[in-house]
Each structure stands twice: as C-alpha cells, then as structure tokens.
Amino acid sequence: MFARGSLKKLYGPELSEADTIAVCVESLYDAADDDSANRRTRPRAQDLPVVLVVTSAGFRRVPEDEIGAVVGAVVEARLARPDGPTGLRSS
C-alpha cells in the first residue's frame with residue numbers, strides 16, 4: 001500500500017531498465033519509511049530486495065551487487081533529501 005503512491009509519482013513507461021529498478025527501490029524505501037510496524041525508522045543499505053526484471057524476452061534476477069549499488073545510492077540520497085524524488089527519473 002505505501003509503495004503504490006511512490007510508484008505512481010515516479011514510474012513512467014519511458015524509463016530505462018536501470019531507472020525502473022531505482023524507482024522500485026525508492027518505492028520500497030518509502031514503504032518501509034511509512035510503515036509504523038517497521039522496527040527501524042529507516043531502511044539500511046545492507047537491506048537488499050530481490051529484484052526480477054521481466055521483459056518479452058524472459059526474465060532475469062538482478063545480481064546482488066547491482067541491487068546493492070542502487071540501494072546504497074538511494075539511502076545516501078535520502079540522507080540529503082529525506083522525502084526522496086518528486087517526479088519521474090531520467091537517464
């Protein structure tokens with residue numbers, strides 16, 4: 001429920017695969033941040049989600065090091081801007 005609002009403001013069909021992955025991580029950050037049942041007040045860089053990319057050609061699991069870099073960048077950016085991005089990302 002909490003991730004949906006973030007996805008609605010950030011996602012667009014023109015996004016690259018890398019930007020789409022970043023938008024998903026941003027939405028998970030927002031969801032964890034807004035969930036009062038979450039024990040921590042902020043997600044940490046070492047909390048890595050499992051991300052699958054699905055296309056007409058099939059699917060792949062995004063490697064942990066790639067997700068780790070995205071999560072680290074999101075967490076670092078949120079230190080400077082706690083509310084996160086306000087619109088569509090672009091490469």
Side-chain angles (χ1 to χ4, degrees):
M1 173 175 85
F2 297 114
R4 183 176 59 195
S6 184
L7 285 171
K8 287 173 73 172
K9 75 178 180 182
L10 298 175
Y11 176 76
E14 72 283 355
L15 294 179
S16 68
E17 180 179 294
D19 284 340
T20 301
I21 291 169
V23 164
C24 290
V25 172
E26 290 279 2
S27 69
L28 290 172
Y29 188 103
D30 283 339
D33 192 42
D34 288 339
D35 183 0
S36 62
N38 190 336
R39 287 188 206 133
R40 289 185 307 274
T41 58
R42 298 270 190 240
R44 300 170 302 177
Q46 63 266 33
D47 296 332
L48 299 179
V50 173
V51 177
L52 299 175
V53 173
V54 180
T55 67
S56 59
F59 74 95
R60 72 176 181 95
R61 182 176 176 162
V62 179
E64 199 170 275
D65 60 335
E66 187 178 334
I67 292 300
V70 174
V71 169
V74 167
V75 169
E76 186 176 320
R78 289 298 183 100
L79 293 175
R81 185 178 180 144
D83 290 338
T86 59
L88 294 177
R89 302 176 70 93
S90 61
S91 290

### Summary
Residues L10 and L15: closest non-hydrogen pair is O-CD1, 3.7 Å
### Query
What is the minimum heavy-atom distance between Y11 and V23, and which atoms define it?
N-CG1, 4.1 Å
### Query
Could K9 and E26 be called an ion pair, given the rule that one side-chain N must be under 4.0 Å from one carboxylate O?
no
### Query
Charged N to carboxylate O under 4.0 angstrom, R4 versus D30?
no
### Message
Nearest 0.5 Å, please: how far is CG in L28 from CG in L48?
### Response
11.5 Å
### Query
Would a 4.5 Å heavy-atom cut-off, applied to side chains only, mark R60 and L52 as touching?
no
### Query
Is atom CD of E66 surrounded by more than 12 heavy atoms (other residues, nucleotides or ligands) closer than 6.0 Å?
yes
### Message
With salt bridge (Lys or Arg N to Asp or Glu O under 4.0 Å) as the criterion, how do R81 and E76 come out once you've worked through the C-alpha distance, each side chain's angles and the decisive distance to 0.1 Å?
### Response
CA-CA 9 Å; R81 185 178 180 144; E76 186 176 320; over 6 Å; no
### Query
Considering residues, nucleotides and ligands other than R61, do more than 12 of their heavy atoms fall under 6.0 Å from its CZ?
no
### side chain to side chain contact (heavy atoms under 4.5 Å, CB included) assessment of V75 paired with Y29
CA-CA 8 Å; V75 169; Y29 188 103; 4.2 Å; yes
### Task
Might you work through the side chain to side chain contact (heavy atoms under 4.5 Å, CB included) test for I67 and I21, ending with a clear yes or no?
CA-CA 8 Å; I67 292 300; I21 291 169; 3.9 Å; yes
### Message
Closer than 3.5 angstrom, by distance alone: can the side chain of S27 be matched with the main-chain N or O of C24 as a donor-acceptor pair?
### Response
yes
